[in-house]
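To start, the structure itself, in structure tokens.
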Amino acid sequence: MKTMRNIVVASFSVLLLTQCASQDEVHDLQYQLRAVNQKVEDVKTNAVGTMQKRQASSVSKIDQVEDETQRIKSTIEESASQSNQFREHTKESIANLQKSVDSIRTENEAKLSEMNQKIAVLDEKISQVGESFGKVQQARVSEAEKRAQEAAKKAEEAKQRAAAASSATAASHAAANAPAATVKVNPNTKKTKVAATPAVPETTSPKKSVEQAAAQPKPTTQPPAVVAVPKNTDNAATTAAATTADPFSQGMNQYKGKNYKEAYKSFEQNLSANPKGAQAAKTLFYMGECLFNQGEYDLAILDYQKVISSHGSDTLAPNALLKQGMSFEKLTDHETAKIIYKKLISEHSGSAEAAQAKERLGKL
């Protein structure tokens with residue numbers, strides 16, 4: 001722009017000078033004008049070359065920028081494609097996961113429903129066994145009451161017999177210590193002393209009136225009479241002694257001696273006397289043990305269940321669960337046994353009984 005302006009100024013100057021200058025000045029001006037034109041050409045050549053170089057450099061840079069832009073664009077498109085693929089893969093994975101979750105939920109719901117049905121059946125069985133146990137228990141109570149009444153009656157009879165025998169012994173001693181009997185006769189006859197002999201001598205007088213006080217032999221050398229007591233009185237005495245002793249201790253001694261029936265009665269007596277005492281859980285557990293050892297597994301399940309439901313925090317609760325599962329195994333109800341073992345493992349995972357339950361569960 002500056003060069004063009006100089007050219008224009010020079011042109012105007014030439015015009016002005018041609019009008020008012022001399023011929024020499026015109027030549028000088030022409031010379032100067034040529035010089036200026038030469039300079040303009042030089043400047044123009046140099047400027048155009050520089051501009052062309054710059055333009056070429058700019059074009060090259062533009063090409064580089066375009067290449068870089070194209071590369072970035074390709075990278076972006078590749079990233080977008082990978083993102084789309086990842087998105088699709090994620091959607092597919094989420095869909096598969098959702099299907100798996102739905103399948104697991106459906107399977108768990110089916111298992112839960114089946115387990116609830118089994119629990120309902122188990123509750124029904126326990127209810128039935130409870131009713132049977134109640135009837136058996138009532139029958140045992142009635143039988144025990146009947147036996148107690150019979151024992152009391154026999155004890156009373158034995159007491160009466162002992163009292164009668166004692167009275168007879170006292171009468172025998174009194175008769176032995178009494179004076180000799182005498183016979184009174186009328187004045188026309190002589191007195192006759194009657195000895196303690198088996199037979200009394202007769203008198204010949206028809207008017208004799210005899211008053212005999214005693215005609216038995218004198219038992220001076222005989223030992224005191226011994227009264228035989230019936231064997232039933234021994235049972236009555238044993239029953240009375242058992243009621244005064246500690247029923248739980250007596251039951252444990254009977255249990256250790258494998259006298260399970262009598263041990264059960266002693267435990268039952270202890271529980272009825274103190275149903276909420278400190279030994280209630282232990283008493284119920286050993287009642288179940290007595291029934292288990294007698295093969296009455298269905299009744300043992302009920303006593304174990306009383307320990308579990310009424311004394312769940314007691315140390316015997318895991319053992320009661322284990323023995324309840326073993327009772328169901330004995331009854332060949334393996335599915336219910338599995339439920340009991342799983343419950344034991346879940347609620348008492350760190351106990352020794354849980355380890356036994358895992359072992360038994362693995363064998364079912």
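Hydrogens, waters and symmetry mates are skipped; everything else that's a heavy atom, side chains included, is used.
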Problem set entry | Over all atoms of both residues, closest heavy-atom pair of Ala337 and Leu364 | CB-CD1, 4.3 Å
For this session: Taking all non-hydrogen atoms of both residues into account, name the closest pair between Ala354 and Ile345 and its distance.
Result: O-CG1, 3.9 Å
Exercise. Would Lys39 and Asp42 pass as an ion pair if we require N to O under 4.0 Å?
Worked result: no
Exercise. Where the side chain of Gln294 meets the backbone of Cys290, is there a donor-acceptor pair that is under 3.5 Å apart?
Worked result: yes
Exercise. Below 4.5 Å, heavy atoms only, C-beta onward: do Tyr255 and Asn293 meet side chain to side chain?
Worked result: yes
For this session: Look up atom CG in Asn270 and atom CG in Asp246, then write down how far apart they are to the nearest 0.5 Å.
Result: 6.5 Å
Seminar exercise, completed: Nearest heavy-atom contact between Gln324 and Ile301 is NE2-O, 3.3 Å
Exercise. Should the pair Lys323 and Phe292 be classed as cation-pi, given the thresholds of under 6.0 Å to the six-membered ring centre and 45° from the axis?
Worked result: yes
Exercise. Got Phe328 and Lys338 here, is their nearest side-chain heavy-atom distance under 4.5 Å?
Worked result: no
Exercise. Is it the case that one hydrophobic cluster holds both Val121 and Met115, taking links as side-chain heavy atoms less than 4.5 Å apart, direct or via other members?
Worked result: no
Seminar exercise, completed: Scanning both residues in full, the closest heavy-atom pair of Ser272 with Pro275 reads O-CD, 3.9 Å
For this session: Determine the interplanar angle of the Tyr304 and Phe285 rings, folded into 0 to 90°, and report it as parallel if under 30°, tilted if 30 to 60°, perpendicular if over 60°.
Result: tilted
For this session: Please check if the side chain of Gln254 supplies one atom and the backbone of Ala263 the other of a donor-acceptor pair under 3.5 Å.
Result: yes
Problem set entry | Heavy-atom closest pair, residues Ile308 and Ala317 | CG1-O, 4.3 Å
Exercise. Do Lys111 and Glu107 come close enough that some side-chain heavy atom pair is under 4.5 Å?
Worked result: yes
Exercise. Under 4.0 Å between a Lys/Arg side-chain N and an Asp/Glu carboxylate O for Lys118 and Glu114?
Worked result: yes
Exercise. Judged by atom type as modelled, is there a donor-acceptor pair below 3.5 Å linking the side chain of Ser74 to the main-chain atoms of Gln70?
Worked result: yes
Exercise. Between the side chain of Ser81 and the main-chain N/O of Glu77, is any donor-acceptor distance below 3.5 Å?
Worked result: no
Problem set entry | Arg360 CZ to Leu322 CG distance, which is reported to the nearest 0.5 Å | 7.0 Å
Exercise. Got a donor-acceptor contact below 3.5 angstrom from the Ser57 side chain to the Lys53 backbone?
Worked result: no
Exercise. Any chain of hydrophobic side-chain contacts (each under 4.5 Å) joining Ile119 to Ile340?
Worked result: no
Problem set entry | Gap separating the CE atom of Met326 from the OH atom of Tyr341, nearest 0.5 angstrom | 6.0 Å
Problem set entry | Nearest heavy-atom neighbours spanning Ala300 and Gly288 | CB-O, 3.5 Å
Exercise. Are Leu331 and Leu302 grouped together when hydrophobic residues (ILVMFWY) are joined by side-chain heavy atoms under 4.5 angstrom apart?
Worked result: yes
Exercise. Should Asp303 and Tyr264 be marked as a side-chain contact (heavy atoms from CB on, under 4.5 Å) after you check the CA-CA gap, both sets of side-chain angles, and the distance that decides it?
Worked result: CA-CA 11 Å; Asp303 283 332; Tyr264 185 90; 3.7 Å; yes
For this session: Look only at the side chain of Ser60 and the backbone of Ala56, and say whether a donor-acceptor pair between them is shorter than 3.5 Å.
Result: no
For this session: Assess whether atom CD of Glu347 is packed by more than 12 heavy atoms of other residues, nucleotides or ligands within 6.0 Å.
Result: yes
For this session: Could you check Asn259 against Glu262 for side-chain contact (heavy atoms from CB on, under 4.5 Å), going step by step and ending with a plain yes or no?
Result: CA-CA 6 Å; Asn259 189 2; Glu262 296 301 324; 3.3 Å; yes
Exercise. If we only count heavy atoms from C-beta on, is the Ile339 to Glu335 side-chain gap below 4.5 Å?
Worked result: no
Problem set entry | hydrophobic_cluster_shared for Leu344 and Leu361, side chain cutoff 4.5 Å | yes
Problem set entry | Qualifying residue for side-chain hydrogen bond (donor to acceptor under 3.5 Å, both in side chains) with Asn84, from Gln82, Glu88, Arg87 | Arg87
Exercise. For Glu109, does its backbone N or O pair with a side-chain atom of Ser113 as donor and acceptor, under 3.5 Å?
Worked result: no
Problem set entry | Reported CD1-to-NZ distance for the pair Ile104 and Lys99, which is rounded to 0.5 angstrom | 14.5 Å
Exercise. What's the spacing between Met252 CE and Ser249 OG if we round to 0.5 Å?
Worked result: 8.5 Å
Problem set entry | CD on Glu289 to CG on Leu284, rounded to 0.5 Å | 12.0 Å
For this session: State, with a plain yes or no, whether a side-chain heavy atom of His348 is found less than 4.5 Å away from one of Leu321.
Result: yes
